[in-house]
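Below is one structure, written out as structure tokens; the observations come after it.
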Amino acid sequence: MNKNGADLIVDTLIKNGVEYVFQLPGGKLGPLLMALKKREEIKVVTVRHEQNAGFMAQGIGRMTGKPGVVMTTSGPGALNLVTPLATATSDGDPVLAIAGQVPQAKLVTPYPQNPNISGVMNDSTITKYAKEIQHTDALADEVANAYVSSINGNPGAVFMDIPGNILLAETTKSGLAFSTLVNQLDNTISDETAILSAVEKIKAAKRPVIIVGARAADDNAAAAIQAFVKKTGIPVVETFEATGLLTDEFSQNYVGRVGLFNNLPGDELVFNSDLVITLGLNLVEYWASVWNTDNKRIIDIDTVVDHLDETYLPDTILLGNIAKNLKNITNSITDQAITDEWKMVVHDLQEKLTAKKKVPSQTTEDALHPLEIVDSLQKIIDAHQNTTVVMDGGSHEVWLGSYLKVYRPKHFLMSDGEQTLGVGLPWAISAALLRPEEKILSSGGDGSFMFSSQELATVAHYNLNIVQVIWVDKEYNMVEFQQELDYNGQKEGVDIDYIGYKEMAESYGIKAVRVRSKEALDAALKEAYATSEPRVIEMIEDNHENIHLRDKEPFKKY
């Protein structure tokens with residue numbers, strides 16, 4: 001059977017286990033869509049905006065560790081990928097983006113939909129790899145190299161721009177199967193000398209702490225971390241993206257999250273430590289200048305060397321497979337005796353964390369206090385521990401990121417890097433496709449939700465098992481309270497009009513409810529979890545406490 005370039009790309013994707021392609025159709029994407037239609041092994045998910053398609057591909061990359069695939073047409077279709085690809089690269093999520101382009105003869109001429117897309121994308125803050133493909137016979141090779149680039153080292157986005165004549169030209173080549181090679185990339189471990197060096201530093205520490213980062217957020221690393229903590233008793237904090245690696249069994253070691261405003265009990269624990277063990281920490285999650293002002297000793301166990309500066313020069317680096325290197329340390333270390341003094345510090349900070357997330361005794365009658373929402377969501381998650389929690393940007397993200405617990409790796413999704421608005425619902429769609437038997441709980445503010453609200457149409461079309469909760473306060477409040485703090489109580493450009501989100505959801509054919517009390521929220525969540533059909537819960541929020549999210553007292557020196 002005759003094959004063209006588009007067939008060659010699709011054959012290569014199929015041979016390497018790609019299950020989903022997210023796309024919005026356009027003329028220059030036609031050859032690839034027809035190639036996908038011929039094979040049908042890959043599910044084509046049609047969306048309402050290319051930016052959201054990019055976010056959905058990022059969600060696949062985040063949860064699987066393998067590149068999510070997004071395809072677009074040329075011109076504005078491809079340009080709409082800039083934000084999701086930059087977000088993926090900053091957050092460390094692999095994405096393979098492929099754009100159809102005008103024919104080579106029309107490149108860089110006055111021709112419709114013809115900007116220099118690969119030139120735009122070829123910036124290290126947007127992609128790890130961006131290329132305009134020149135030859136049809138090379139397409140399988142180019143897909144292989146782009147795919148590997150997206151996951152090798154610190155993962156990120158890659159981009160292929162393919163002129164229409166390259167996609168349509170015939171070829172005798174077949175797709176490449178390279179996934180076996182890819183699976184070997186994380187087999188590297190450190191030598192015995194480096195392992196023993198780390199062990200000696202850990203044994204000598206009086207106040208060690210573990211910071212778990214996003215690159216350690218997988219099932220194998222979680223098992224290794226749990227075994228290490230069980231043997232050593234070292235207290236643990238986690239970044240927002242790494243949430244879910246410890247179960248309730250480790251409550252005596254867990255001191256919460258670190259990052260964002262650097263004002264949580266976990267931050268105070270790190271402040272008082274003398275040795276920091278970083279596990280897969282992407283420094284964009286928790287930049288060293290805020291936690292290492294006193295030249296602490298650092299042991300870095302990671303897949304890559306992150307950005308070095310005067311506040312981040314690890315004493316020992318163990319590069320390679322995080323789970324395997326940590327397992328070797330655990331096997332080599334004798335039982336670690338955490339001092340009573342350090343245990344008391346941990347206990348005091350755990351009590352402070354508990355107090356910070358306690359629901360106030362007095363709350364507004366016709367609106368929900370943020371901690372009431374956190375409490376309701378926590379109870380439903382505790383009862384359904386397979387829930388994937390997806391957060392969009394905004395004040396609600398800080399409340400949930402600071403205090404909501406989940407119990408499985410890759411089941412708590414947020415953007416630490418670009419902190420992009422609009423990621424929530426697209427990521428929830430990715431999660432629902434990958435985990436159809438699990439409930440997906442998507443959280444967005446009325447500001448951030450509107451960035452991608454049109455994808456409720458996608459949720460309804462595929463009848464996805466998603467509960468979308470919307471925090472309604474009629475403001476871009478994350479910006480509002482920071483303006484008030486930074487500009488003597490003044491604010492500008494942050495008020496937004498109220499929309500009937502319940503009625504909006506119903507217009508898409510999704511059952512929805514509006515709640516103003518904790519009792520109503522609990523009832524709505526219970527009903528939503530009793531079905532696998534999508535639900536929307538509009539929550540009227542009292543945001544007066546949000547201004548205190550940035551409060552920070554001087555850390556106590558224990």
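Only heavy atoms go into these numbers, but all of them, side chains included; no hydrogens, no water, no symmetry mates.
Under the rule for a side chain to side chain donor-acceptor pair (under 3.5 Å), the partners of Lys324 that lie at least two apart in sequence or sit in another chain are Asn187. For Asp91, the salt bridge (charged side-chain N to carboxylate O under 4.0 Å, His left out) test picks out Arg62, with sequence neighbours left out. Trp399 is linked by a ring-ring contact (aromatic ring centres under 6.0 Å, His included) to nothing, counting only residues two or more places apart in sequence or in another chain.
Surrounding NZ of Lys405 are more than 12 heavy atoms belonging to other residues, nucleotides or ligands, all under 6.0 Å away. Shown here is Arg435, whose CZ atom has more than 12 heavy atoms of other residues, nucleotides or ligands within 6.0 Å. The neighbour count for Lys15 NZ, taken as heavy atoms of other residues, nucleotides or ligands under 6.0 Å away, is above 12. Counted within 6.0 Å of NZ on Lys66, heavy atoms from surrounding residues, nucleotides or ligands total 12 or fewer; the atom is thus considered open.
Remark: the backbone N or O of Leu176 is paired with a side-chain donor or acceptor of Asn16 at under 3.5 angstrom. Without hydrogens or angle criteria, Thr127 side chain to Met121 main chain gives a donor-acceptor distance under 3.5 Å. A side-chain donor-acceptor contact under 3.5 Å links Glu538 to the backbone of Tyr501. Distance alone, capped at 3.5 Å, places no donor-acceptor pair between the Asn122 side chain and the Gly119 backbone. A side-chain donor-acceptor contact under 3.5 Å links Glu285 to the backbone of Ala214. Here the side chain of Asn282 pairs no donor or acceptor atom with the backbone of Arg215 at under 3.5 angstrom. Not one N or O on the side chain of Ser448 forms a donor-acceptor pair closer than 3.5 Å with the backbone of Gly444. In this structure, Ser74 contributes its side chain and Gln101 its backbone to no donor-acceptor pair below 3.5 Å. Asp446 places a side-chain N or O within donor-acceptor distance of the main-chain N or O of Lys474, the cut-off being under 3.5 Å. Between the side chain of Lys410 and the backbone N or O of Gly65 there is no donor-acceptor pair closer than 3.5 Å.
Of the N and O atoms on the side chains of Asp93 and Gln58, at least one donor lies less than 3.5 Å from an acceptor on the other residue. Remark: the Thr458 side chain and the Glu455 side chain contain an N/O donor-acceptor pair separated by less than 3.5 Å. When only modelled atom types and interatomic distance are considered, Thr420 and Thr87 share a side-chain donor-acceptor pair under 3.5 Å. Inspection of the Asn465 and Ser532 side chains reveals no N or O donor paired with an N or O acceptor under 3.5 Å. A donor-acceptor contact closer than 3.5 angstrom links the side chains of Thr387 and Tyr529. Judged purely by distance below 3.5 Å, without hydrogens or angles, the side chains of Gln23 and Thr72 never pair a donor atom with an acceptor atom.
Considering only heavy atoms from C-beta on, Lys511 stays 4.5 Å or farther from Glu533 through its side chain. Within the 4.5 Å cutoff, side-chain heavy atoms of Thr278 are placed close to those of Tyr312. You'll find the side chain of His396 stays beyond 4.5 Å of the side chain of Met539, heavy atoms only. For the pair Asn154/Asp306, no side-chain contact is recorded, criterion being any heavy-atom separation below 4.5 Å from C-beta on. Ile429 places none of its side-chain heavy atoms less than 4.5 Å from the side chain of Tyr462. Tyr508 is not listed as a side-chain neighbour of Val459, based on a closest heavy-atom distance of 4.5 Å or more. With contacts defined as side-chain heavy-atom distances shorter than 4.5 Å, the pair Thr136/Asn4 does not qualify. Contact of the Phe449 side chain with the Gln468 side chain is registered, since non-hydrogen atoms from C-beta on lie closer than 4.5 Å.
Rounding to the nearest 0.5 angstrom, the gap separating the OG atom in Ser443 from the CG atom in Leu413 is 12.0 Å. Once rounded to the nearest 0.5 Å, the distance linking CD of Glu241 with OG of Ser415 reads 6.5 Å. With rounding to the nearest 0.5 angstrom, the OG atom of Ser190 is 4.0 Å from the CG atom of Asn325. Atom CG of Leu404 and atom CD of Glu397 lie 12.5 Å apart (nearest 0.5 Å). If you take CG on Leu29 and CE on Met71, they are separated by 7.0 Å, rounding to the nearest 0.5 Å. In this structure, Glu438 CD and Ile440 CD1 are separated by 6.5 Å, a value rounded to the nearest 0.5 Å.
In terms of heavy atoms, Ala140 sits closest to Thr12 at CB-OG1, 3.4 Å. Among all heavy-atom pairs drawn from Ile117 and Ala78, the shortest one is CG2-CB, 3.6 Å. Counting all heavy atoms, side chain and backbone alike, Ala524 lies closest to Val515 at CB-CG1, 4.2 Å. Annotation for Ser442 and Ile466: closest pair CB-CG2, 4.3 Å, computed over non-hydrogen atoms. When all heavy atoms of Glu480 and Asn477 are compared, the closest pair comes out as OE1-ND2, 2.7 Å. When all heavy atoms of Gly394 and Leu421 are compared, the closest pair comes out as N-CD2, 4.2 Å.
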With side chain to side chain contact (heavy atoms under 4.5 Å, CB included) as the criterion, how do Lys38 and Lys3 come out once you've worked through the C-alpha distance, each side chain's angles and the decisive distance to 0.1 Å?
CA-CA 11 Å; Lys38 278 188 270 186; Lys3 299 193 302 289; over 6 Å; no
Between Val212 and Leu246, does the side chain to side chain contact (heavy atoms under 4.5 Å, CB included) criterion hold? Intermediate values first, please.
CA-CA 10 Å; Val212 182; Leu246 294 181; over 6 Å; no
Go through the steps to decide whether Phe55 and Val47 satisfy the test side chain to side chain contact (heavy atoms under 4.5 Å, CB included), and finish with yes or no.
CA-CA 11 Å; Phe55 289 142; Val47 306; over 6 Å; no
Which is it for Leu326 and Ile225 under the side chain to side chain contact (heavy atoms under 4.5 Å, CB included) test, yes or no, and what are the steps along the way?
CA-CA 7 Å; Leu326 190 56; Ile225 292 166; 3.7 Å; yes
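A salt bridge links Lys131 to Glu142: one of the charged nitrogens lies within less than 4.0 Å of a carboxylate oxygen.
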